[in-house]
Amino acid sequence: MVDTTTATEPEIRKGLAGVVADFTAISKVNAETNSLLYRGYPVQELAANCSFEQVAYLLWHGELPDAAQLAAFETAERAQRSLEPAVREVIDLLPTSAHPMDVLRTAVSAIGALDPTADDTDAESNLAQSLHLLAAIPAIVAYDQRRRRGLPLVEADPSLDYASNFLLMTFGEVPDRVVVDAFSVSLVLYAEHSFNASTFTARVITSTLSDLYSAVVGAIGALKGPLHGGANEAVMHVFDEIGTADRAEAWLVGALAEKRKIMGFGHRVYKNGDSRVPTMKAALDTLTAHYDRPDMAELYANLEEAMVSRKSIQPNLDYPSGPAYNLMGFDTATFTPLFVASRITGWTAHIIEQRAANSLIRPLSAYNGPDERHV
Ligand SMILES: CC(=O)SCCNC(=O)CCNC(=O)[C@H](O)C(C)(C)COP(=O)(O)OP(=O)(O)OC[C@H]1O[C@@H](n2cnc3c(N)ncnc32)[C@H](O)[C@@H]1OP(=O)(O)O
Ligand SMILES: O=C([O-])CC(=O)C(=O)O
């Protein structure tokens, strides 16, 4: 271990690459075996067999719910789905040109300011606050997309599961089961991924003993960037820029010559492919078939083939998720808020875990400014 207090040449790990910052019992990302476990369960098995509600419960409580626990959890979630009038007023103050991530960040901040329990930071209060955000986020995201399109708010339907209700509130109707299933799979896959940048942001904020809402607002800000969650939106801009499948390779050659980062490819941890991509790609395949969009499937395949053959860099989860959300009918700028709707589960599990064994997160820096001087 490097002694950073006495070494004259401290080892700098730019981007904290390779640094193990703490333990976590929430998920295990294994780049060697290309696997991802949530509380011990392979994410592919969860996506195939569990609802997003079951996965949220698992992340928060450490175990999958039994029938009675799931029923109580669903009842509590369904009771909190309506857009609070004060939150709606805050959203309405923002221009429809505001980015949906900025709208969501502001709305979550407002929910925190309106919650009299916001500064109660025991695990039980944090779980209640987390469930409230889980239930409230679809209403915010759906209402924001609808107001941009000049459409009225759609009320929540407590008889529906989380994914179906989210789609109902966005589009005014529940789409075919294959669409709901693909959406549900995306929510399960996006839910948790160890110490990624947004989760680590939430843990840094929590480590100062700040409140859960502040940590989530910070995490939303970190997720917005195109090197992280903002990549699912950016992938769609790339597809739009390329236009047709036959142009994918030429576009890629030009973009790489300009030293552009190709959105939806590469990962800090996985170097041989993202564990979640095959499952999400299968969901995308059902959607391109359902919506009869072989052109989209071909563009996807051509860009991936060109990128892998030229750079040996594999797609990450944002690559199949972007076009999947496009086919479902979401605005491109709404894609990253959908990531938030899912990741709120992982973020808040980490907030609770950080608080339970807290140590202020405060690394050192090596000064490389001017030598001491005097005015
Ligand atoms: C759900 C998620 O958040 S997954 C991540 C989503 N983000 C994206 O899709 C954005 C595009 N990808 C990237 O920018 C990167 O792959 C990151 C930020 C995700 C990971 O980056 P890092 O671990 O820091 O690796 P780094 O950026 O140093 O890349 C290593 C090398 O691969 C290259 N590389 C990595 N990803 C890409 C890419 N998408 N396009 C082009 N080149 C790439 C880098 O240019 C670098 O090459 P060099 O060694 O010749 O300079
Ligand atoms: O782990 C990361 O760095 C990014 C990522 O894939 C995620 O947050 O899902």
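Quick caveat, the model's predicted, so the values are computed rather than measured. Counting starts at 1 for both ligands and their atoms, in listed order.
Atom OG1 of T199 and atom NE2 of H350 lie 5.0 Å apart (nearest 0.5 Å). In this structure, L134 CG and Q129 CD are separated by 13.5 Å, a value rounded to the nearest 0.5 Å. Expressed to the nearest 0.5 Å, how far CD of Q54 lies from CG of D161 amounts to 11.0 Å. In this structure, D274 CG and F265 CZ are separated by 12.0 Å, a value rounded to the nearest 0.5 Å. Once rounded to the nearest 0.5 Å, the distance linking CZ of R362 with CG of L360 reads 8.5 Å. Put simply, CZ on R276 and CG on D318 are 8.0 Å apart, with the number rounded to the nearest 0.5 Å.
Across the listed options H267, R310, Q314, K261, K261 owns the non-hydrogen atom lying nearest to atom 37 (C) of ligand 1. Taking each of A234, P226, G266 in turn, the one with a heavy atom nearest to atom 10 (C) of ligand 1 proves to be P226.
No heavy atom of E192 sits closer than 4.0 Å to any atom of ligand 2. Not close to ligand 1: Y190, with no non-hydrogen atom less than 4.0 angstrom away.
In this model, no donor atom of one side chain and acceptor atom of the other lie less than 3.5 Å apart for N232 and Y325. Of the N and O atoms on the side chains of T121 and D211, not one donor lies less than 3.5 Å from an acceptor on the other residue. Side-chain atoms of W60 and S130 include no donor-acceptor pair closer than 3.5 Å.
Among all protein heavy atoms, the one lying closest to atom 2 (C) of ligand 1 is D318 OD2, 3.5 Å. Atom 8 (O) of ligand 2 has R343 NH1, 2.9 Å as its closest protein atom, hydrogens excluded (heavy atom only). Given atom 23 (O) of ligand 1, the protein heavy atom at minimum distance is R268 NE, 2.8 Å. Here the heavy atom of the protein found nearest to atom 3 (O) of ligand 1 is H228 ND1, 2.9 Å. Protein heavy atom nearest atom 35 (C) of ligand 1, with residue, atom name and distance: I313 CD1, 3.8 Å. In terms of protein heavy-atom proximity, atom 7 (N) of ligand 1 is closest to L227 O, 2.9 Å. Considering only non-hydrogen protein atoms, atom 12 (N) of ligand 1 sits nearest to F265 O, 2.8 Å. Scanning all protein heavy atoms for the shortest distance to atom 1 (O) of ligand 2 gives H193 ND1, 2.7 Å.
Within the 4.0 Å heavy-atom criterion, neither part of Y319 lies near ligand 1. With a heavy-atom cut-off of 4.0 Å, D274 does not touch ligand 1 at all. Heavy atoms of R343 found under 4.0 angstrom from ligand 1: none, in either backbone or side chain. When non-hydrogen atoms are compared, ligand 1 lies under 4.0 Å from neither the backbone nor the side chain of L317. Within the 4.0 Å heavy-atom criterion, both parts of I262, backbone and side chain, lie near ligand 1. At a heavy-atom cutoff of 4.0 Å, ligand 1 is contacted by no atom of H193, backbone or side chain. Residue contacts with ligand 1 for K271 involve side-chain atoms from C-beta outward but no N, CA, C or O (heavy atoms, distance under 4.0 Å).
Within 4.0 Å of atom 45 (O) of ligand 1, at least one protein heavy atom is present. The nearest protein heavy atom to atom 21 (O) of ligand 1 is not closer than 4.0 Å. When distances from atom 26 (P) of ligand 1 to the protein are checked, no heavy atom turns up under 4.0 Å. Counting only heavy atoms, the protein never gets under 4.0 Å from atom 48 (P) of ligand 1. In this structure, atom 29 (O) of ligand 1 has no protein heavy-atom contact shorter than 4.0 Å. At least one protein heavy atom sits closer than 4.0 Å to atom 40 (N) of ligand 1.
Annotation for ligand 1: atoms under 4.0 Å from non-hydrogen atoms of A231 are 6 (C), 7 (N), 8 (C), 9 (O). Listed by number with element, the atoms of ligand 1 under 4.0 angstrom from any heavy atom of M263 are 9 (O), 10 (C). Near M307, meaning under 4.0 Å from any of its heavy atoms, are these atoms of ligand 1: 38 (C), 40 (N), 41 (C). Each of the atoms 1 (O), 2 (C), 3 (O), 4 (C), 5 (C), 6 (O) of ligand 2 lies under 4.0 Å from some heavy atom of H267. The distance from ligand 1 to the heavy atoms of G264 drops below 4.0 Å at these ligand atoms: 8 (C), 9 (O).
Both I220 and L114 belong to a common hydrophobic cluster when Ile, Leu, Val, Met, Phe, Trp and Tyr are linked at side-chain heavy-atom distances under 4.5 angstrom.
A pairwise comparison of heavy atoms in E192 and S27 identifies OE2-OG, 2.7 Å as the closest pair. The two residues T206 and A202 have their closest heavy-atom pair at OG1-O, 2.7 Å. Taking all atoms of both residues into account, the shortest heavy-atom contact from A248 to N302 is CB-CB, 3.8 Å.
The aromatic rings of F166 and Y162 stand perpendicular to each other, their planes meeting at an angle above 60°, with 30° marking the opposite boundary.
In this structure, the ring of F330 has its center less than 6.0 angstrom from the ring center of F183. Between H228 and H193, the ring center distance fails the sub-6.0 Å criterion.
Checking only distances, R276 does come within under 3.5 Å of ligand 2, N or O to N or O. For ligand 1, the polar-atom distance check against R260 finds no nitrogen or oxygen pair separated by under 3.5 Å.
No side-chain heavy atom of L64 sits under 4.5 Å from any side-chain heavy atom of Q69.
R148 contributes no side-chain N or O that, together with a main-chain N or O of T96, makes up a donor-acceptor pair within less than 3.5 Å.
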